Amino acid sequence: MEEYCCVLFTVACFISLLSVQSENSHAKSALTADGGWLSTRSSSIADEGPCTVEVRDQSLTYSQFIERYAYSRPVIIRGLTDNTKFQFQCSKNSLLQEFGDRMVRLSTANTYSYRKVDVPFLEFVEHLLRPQSLDMLGSDTLYFFGDNNFTEWRSLFQNYVPPAYALPGTSGAYSFGIAGPGTGVPFHWHGPGYSEVIYGRKLVPVPPEKAPNFHPNKTTLSWVVDTYPTLNQEDRPIECTIHPGEVLYFPDRWWHATLNLDTSVFISTFLG
Ligand SMILES: *[C@@H]1O[C@H](CO)[C@@H](O)[C@H](O)[C@H]1NC(C)=O
Ligand SMILES: *[C@@H]1O[C@H](CO)[C@@H](O)[C@H](O)[C@H]1NC(C)=O
């Protein structure tokens, strides 16, 4: 097998899920914390794995960020942004109320996103937002991420606070999405940027010089369940589960994939 080394990021939102299960009497506040997006986890994936990505907090200075991470390695930064207001606006009820009749553009969840489908946001949430089954191909799975109409959704995006640490000479472009448990985007790469979870997901990045071994139409879920366990320890990706309140910075052209452990609401800021 071709030797490669890759990085696996896991993003999840278990806190509210656990609190609902263990404290029914607090279901109301837990639901509020969860924005009403709570759903069953994917039965095919284990809980959060180890976190082998560097994790820093807001004591990380901008010059430290530029020196150590911006051009060389991913990092998770805690407490860099406060998106409480945005998170509130991303609750299921408030998004449906404000945008239920707006169209969203879905893409097939394979590496090269072939097919696009436009549906009303309400229809997406009620009928298409569901757990990913293990045997389904990415090319047959519709995914809502990016392709956002910033004119129609301006009242939402204007409340998002992007991570303050930009790269010199770049400006940020947002991609917003919502997806069911077990869904994700298989290995791909693009320019540098941040990924922030409003509710969790899992990402799998790989250093740019070594492409991962994967089939572009298969899902991240099948890669994590079938391929990942067969890898030698030294070939395993570095990985971490990110949660609301954390941002993941990914450098330019790092291979990665994403896997949502739960129904997830997320936004990326691409620095171009
Ligand atoms: C975004 O929405 C506006 C207002 O409905 C519409 O005029 C425009 O064509 C849309 N843009 C795209 C790229 O679909
Ligand atoms: C992936 O799926 C697309 C769309 O169904 C198809 O055109 C393409 O040939 C497939 N790629 C591979 C490598 O099987």
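This one's a predicted model, so the numbers in the text were calculated from it and none came from an experiment. Order of listing sets the numbers, starting from 1, for every ligand and every atom in it.
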Item checked: From Q58 atom CD to L60 atom CG, the distance as rounded to the nearest 0.5 Å -> 10.0 Å
Note to self: Parallel, tilted or perpendicular: which one describes the rings of F144 and F176, with boundaries at 30° and 60°?
What the structure shows: perpendicular
Check: Counting distance only, does the side-chain N/O of Y194 pair as donor-acceptor with the main-chain N or O of Y165 below 3.5 Å?
Finding: yes
Checklist line | atom 11 (N) of ligand 1 [closest protein heavy-atom partner, distance rounded to 0.1 Å] | finding: N149 ND2, 3.0 Å
Check: To which protein heavy atom is atom 4 (C) of ligand 2 closest, and what is the distance rounded to 0.1 Å?
Finding: Y114 CD1, 4.1 Å
Margin query: I'd like to check whether T151 has a polar contact with ligand 1, where a contact means an N/O of the residue lying under 3.5 Å from an N/O of the ligand.
Written below: no
Margin query: Within the protein, is there a heavy atom lying under 4.0 Å from atom 7 (O) of ligand 2?
Written below: no
Check: Is atom 13 (C) of ligand 1 less than 4.0 angstrom from some protein heavy atom?
Finding: no
Checklist line | Residue E152 vicinity, atoms of ligand 1 by number, heavy atom under 4.0 Å | finding: 2 (O), 4 (C), 5 (O)
Item checked: Under 3.5 Å: donor-acceptor pair, side chain of T141, backbone of L137 -> yes
Item checked: Nearest non-hydrogen protein atom, atom 5 (O) of ligand 2 -> S139 CB, 4.3 Å
Checklist line | Distance in Å, E196 CD paired with I77 CD1, rounded so as to fall on 0.5 Å steps | finding: 11.0 Å
Check: How far is atom 9 (O) of ligand 2 from its nearest protein heavy atom, and which residue and atom is that?
Finding: N217 ND2, 4.9 Å
Check: Going by heavy atoms, is R115 under 4.0 Å from ligand 2?
Finding: no
Note to self: Which label fits H190 and F270: parallel for a plane angle under 30°, tilted from 30 to 60°, or perpendicular past 60°?
What the structure shows: perpendicular
Checklist line | Check: S268 side chain, S175 main-chain N or O, donor-acceptor pair, under 3.5 Å | finding: no
